[in-house]
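See below for the structure under consideration.
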Amino acid sequence: GAMRPAALCAAAAGAAVLLLLLGAASRGAAPVKPLSITPQHHVPTASASDLLSEVRALRARVQLLEQALNAEPKQARMTAADSSSRDPDVSSEGSLQALESSRRRVSSADQAKPSNMLATFKSGPGPTNAGSGMVATQGRSQPALKKRPRQPTPAGVVPNASWWSDLEVEVSEGLWCREPPPYAAHKPALAQLAPVTDKPRLTSELAKKHASHDNMLIVTYVNYNRLDFVYTLVKHLLSLGNNHFLVGALDEEALRGLQTSSIPAFFMDSGLTTKDYGWGTYNFRQLGLHKVQLVLDLAKTGVDCLTIDADAFILRDPFPYFRQLAEAEVLMSSDHLTPTNGLTDEGLENGQGFHSAFNIGYIFIRARALEFVEQWRDMCFKRKNDWDQVLFANVLRRGSSGVAAPKRLKSMYRLANGSHVRAGVLPISLFASGHTFFVSRLAHLMHTHPYMVHTTFQYGGAQGKRHRLRESMMWEDSDAYYSEPNFLTYEPDLPYGLVYPKGGEVGSDGTQAYSQRMSVEQHFALVHHQLKQMRNAFAIAQELGRILILPRLVCGLDRWWAPHSGIIPGSAARLPLLECPADHVIDLERMVQPERYLRESSMLCNPRTPRSVLLSMKHERLTAIAAAADGKPSPDAQALLARLRSPAKVLSLSGTLPDYRELLDASKAATFENWLKPFASLWCCNHPPGGRGAGHVWYDFFADVIPHRDRHNRLFDKPWTVQMGP
């Protein structure tokens with residue numbers, strides 16, 4: 001049965017005291033006497049590595065106890081079915097919550113019937129802080145948020161994109177947001193330990209020490225430049241109650257960062273750059289060799305390992321899913337873009353899913369597939385200039401019988417003994433790519449949460465990945481990110497006729513039939529209308545010393561790396577994109593540190609944003625002001641800026657934003673133009689005449705300004721028109 005609140009409080013308090021004592025010991029404080037918890041259990045004098053492991057496990061336990069304490073009784077209890085699929089090594093308070101009864105069924109005539117597997121998979125999220133009374137987070141607590149059914153969109157107003165929940169929450173008086181996903185909950189900081197000098201290597205003992213009771217382990221690898229990805233990944237794992245993971249450090253700087261953050265790590269000593277690798281570069285290819293060697297080394301330890309890229313975030317515990325597929329030796333994610341079994345089925349993709357590129361950013365390989373992994377590793381080292389992901393598929397298909405196995409597994413690589421490796425393609429809606437989650441929004445359409453989201457199919461490098469994860473409330477920033485300095489937001493003007501220029505029926509999800517898609521010219525008219533407002537808001541924010549909170553962006557067409565006719569061929573995307581990722585339009589990579597200038601559109605709805613920030617909000621409605629004269633702002637402009645200066649944390653603007661040329665003198669305006677214009681990204685791709693030449697078209701923050709020069713110094717002395725290249 002569920003623990004009583006008093007017992008939960010006592011258990012959490014006791015574990016917290018033990019955490020403090022162990023933390024002190026790991027920092028080199030005076031030796032601590034063994035602390036007796038019960039007559040049968042105590043903490044003996046231990047090595048630094050043992051203490052580190054204990055600290056991490058206890059922190060996870062404390063967090064789970066806190067979550068159970070703040071949950072409603074019905075949320076704290078598990079069904080017998082849930083209990084049977086949980087890892088006994090992990091507290092039951094962190095069990096998956098079933099959403100089967102409330103999940104929306106997609107009603108489409110061509111949807112396949114759910115497989116018999118569906119009932120065996122839990123479609124609910126991990127633990128959540130939602131409940132009654134007070135919601136506790138580290139260092140702060142706040143009243144539970146009021147909820148209401150999602151309000152209907154008024155006629156003539158562009159709706160929001162599909163969302164996992166049909167509820168709204170009141171995050172501040174009068175400020176209602178869509179219910180945030182459970183993985184957006186504020187999480188404790190990772191425990192900080194004193195620096196150490198050891199360089200542990202991957203061994204069978206280390207792997208088995210951290211594996212689950214049934215031999216499963218999660219492993220990723222990281223260099224110094226991407227440590228923040230792993231910090232976020234680990235926080236999600238701990239919040240799910242899964243502490244069966246290890247992280248490989250590609251360089252010593254990364255190793256020290258992991259160790260001081262109490263993350264169990266081993267040294268890979270890759271000799272590669274501590275900076276970004278860059279897709280397709282020498283460092284990228286070398287990283288692939290280190291990865292395949294790591295997968296082989298893990299298989300040799302005897303553990304069944306889920307190996308993931310550091311930017312493939314885990315949002316639901318995948319172990320219960322894998323336990324239902326005990327026959328599988330290899331499970332992989334995929335770059336397939338349409339669910340082969342529709343949106344009411346959570347089983348593996350069917351045979352069609354094997355025809356697209358496998359994605360090895362998320363692969364589960366059981367130790368008994370060692371022979372296959374050895375062959376893959378040998379092929380990668382023999383053909384060092386080839387992509388490890390392509391070679392993975394080539395070797396896996398070698399000797400494939402083509403015979404389907406139970407649960408949509410397929411008999412693939414032929415082993416020396418004549419048997420086959422049984423492999424499966426994980427469902428693309430729940431083990432999602434950057435397209436199926438952020439653009440096609442398949443998990444939202446299913447009214448559930450993905451197990452994994454991999455930030456592929458994006459266009460802004462590491463900065464684009466971070467921003468997408470922030471937009472979707474997956475990223476873990478410091479508390480200061482959500483409260484400092486001060487912020488500016490504005491109500492965007494989004495004309496219905498620009499979003500739906502051809503008229504026609506608009507579906508319940510705000511999208512239209514593919515035949516109603518807009519032209520390239522109409523797409524740019526829509527995006528440039530939004531960029532003009534964003535430009536003027538940036539000018540106001542800079543004058544006031546504030547950070548701009550972006551509005552949601554709406555795009556008429558998807559983006560890809562090759563010519564297309566509105567969407568990526570074969571994708572499930574529906575147009576228009578009502579929440580277009582910012583990296584589709586803004587060159588976040590060129591900004592280098594975009595957080596210096598902007599925040600994601602979802603920030604004010606993110607549970608990580610302190611209530612004190614939301615309560616310190618000033619609303620101002622703007623009206624037209626006089627134009628600048630002789631290169632100097634009018635008295636109206638000066639008075640407006642004086643009125644907008646406020647100590648409020650958030651300045652919220654509505655009405656017509658003044659043009660930047662009305663606010664800034666000529667010198668400041670020129671400086672502002674030179675700063676902003678390089679940050680316009682591009683759309684790709686149109687079909688170039690004759691099939692030759694550039695097909696991409698650059699966005700322009702100053703498309704309405706005549707004359708002006710764009711980021712490529714091209715002169716526009718006439719109204720802006722679509723031009724392909726450079």
Side-chain angles (χ1 to χ4, degrees), residues 145 151 157-161 163 168-178 180 184 467-468 470-473 475 477 479-495 527 529-554 578-583 585-586 588 591 594-623 625 640-660 663 672 676 679 701:
L145 302 178
Q151 302 300 289
V157 174
V158 178
N160 288 315
W163 190 249
E168 296 176 347
V169 296
E170 189 178 31
V171 297
S172 181
E173 185 176 357
L175 178 59
W176 289 86
C177 295
R178 297 174 301 186
H467 194 86
R468 281 208 189 182
R470 284 168 172 152
E471 286 176 327
S472 59
M473 306 186 196
W475 188 259
D477 276 296
D479 289 347
Y481 176 89
Y482 303 100
S483 59
E484 299 174 5
N486 290 338
F487 308 100
L488 182 140
T489 183
Y490 67 95
E491 183 182 298
D493 173 51
L494 201 56
V527 174
H529 180 76
Q530 296 170 84
L531 289 183
K532 172 185 174 180
Q533 297 170 70
M534 189 185 299
R535 172 198 74 199
N536 294 334
F538 266 126
I540 298 173
Q542 290 205 354
E543 280 297 289
L544 299 177
R546 291 178 176 268
I547 297 290
L548 178 64
I549 300 174
L550 297 181
R552 64 150 170 165
L553 292 170
V554 177
L578 296 173
E579 290 184 27
C580 189
D583 60 89
V585 176
I586 304 171
L588 297 166
M591 283 186 165
E595 58 271 15
R596 293 174 58 191
Y597 315 114
L598 58 83
R599 293 289 186 269
E600 64 279 7
S601 59
S602 61
M603 180 191 140
L604 296 181
C605 292
N606 194 322
R608 301 174 184 89
T609 300
R611 191 169 178 81
S612 59
V613 171
L614 301 175
L615 292 174
S616 179
M617 184 180 296
K618 179 182 180 181
H619 298 271
E620 286 282 352
R621 182 160 188 84
L622 306 183
T623 57
I625 62 173
L640 173 62
L641 289 174
R643 190 174 94 233
L644 295 181
R645 297 189 190 281
S646 165
K649 294 300 296 182
V650 181
L651 178 61
S652 177
L653 305 181
S654 59
T656 303
L657 297 178
D659 188 273
Y660 74 102
L663 292 177
F672 175 74
L676 185 60
F679 300 149
F701 275 105

Taking only residues two or more places apart in sequence, or in another chain, which ones meet [X] in a ring-ring contact (aromatic ring centres under 6.0 Å, His included)?
X    : value
Y597 : W675
Y482 : none
F487 : none

Quick one: [atom1] on [X] to [atom2] on [Y], what's the gap to the nearest 0.5 Å?
X    : Y    : atom1 : atom2 : result
N536 : M534 : CG    : CE    : 11.0 Å
Y481 : I547 : OH    : CD1   : 9.0 Å
L657 : I625 : CG    : CD1   : 10.5 Å
S601 : I549 : OG    : CD1   : 9.5 Å
I540 : L644 : CD1   : CG    : 6.5 Å

Find out whether [X] and [Y] are in side-chain contact, i.e. whether some heavy atom of one side chain is under 4.5 Å from a heavy atom of the other.
X    : Y    : answer
L145 : R611 : yes
V585 : Q530 : no
T489 : M617 : no
L651 : K618 : yes

* Asked: Do side-chain atoms of T609 reach the backbone of M603 as a donor and acceptor pair under 3.5 angstrom?
  ->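 Pair found, side chain donor or acceptor close to backbone of M603.
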* **Expected output: side-chain S602 to main-chain E471 donor-acceptor under 3.5 Å** =>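 The answer is yes, because a donor-acceptor pair under 3.5 Å joins these two groups.
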Who passes side chain to side chain donor-acceptor pair (under 3.5 Å) against [X], sequence neighbours left out?
X    : value
E168 : R148
D493 : H529
R535 : D659, D704
K649 : N486

* Salt-bridged, R608 to E600, with N to O below 4.0 Å? ->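 Answer for the salt bridge query: no.
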Going by the rule salt bridge (Lys or Arg N to Asp or Glu O under 4.0 Å), which residues pair with [X] if we only count those two or more places apart in sequence or in a different chain?
X    : answer
R643 : E620
D477 : R470
E543 : K668
R546 : none

* To do: List in chain and number order the residues that pass side chain to side chain contact (heavy atoms under 4.5 Å, CB included) with S612, two or more places apart in sequence or in another chain; answer none if no residue qualifies.
  =>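 S612: side chain to side chain contact (heavy atoms under 4.5 Å, CB included) contacts with P610.
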* To do: Can you label the angle between the F701 ring and the F538 ring as parallel, tilted or perpendicular, going by 30° and 60°?
  =>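 Correct class here is perpendicular.
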* Stepwise side chain to side chain contact (heavy atoms under 4.5 Å, CB included) test for V171 and L604 -> CA-CA 8 Å; V171 297; L604 296 181; over 6 Å; no
* Asked: What do the steps show when you test H467 against L598 for side chain to side chain contact (heavy atoms under 4.5 Å, CB included), and what is the final call?
  -> CA-CA 10 Å; H467 194 86; L598 58 83; 3.6 Å; yes
* side chain to side chain contact (heavy atoms under 4.5 Å, CB included) between L488 and L548, intermediate numbers included -> CA-CA 5 Å; L488 182 140; L548 178 64; 3.5 Å; yes
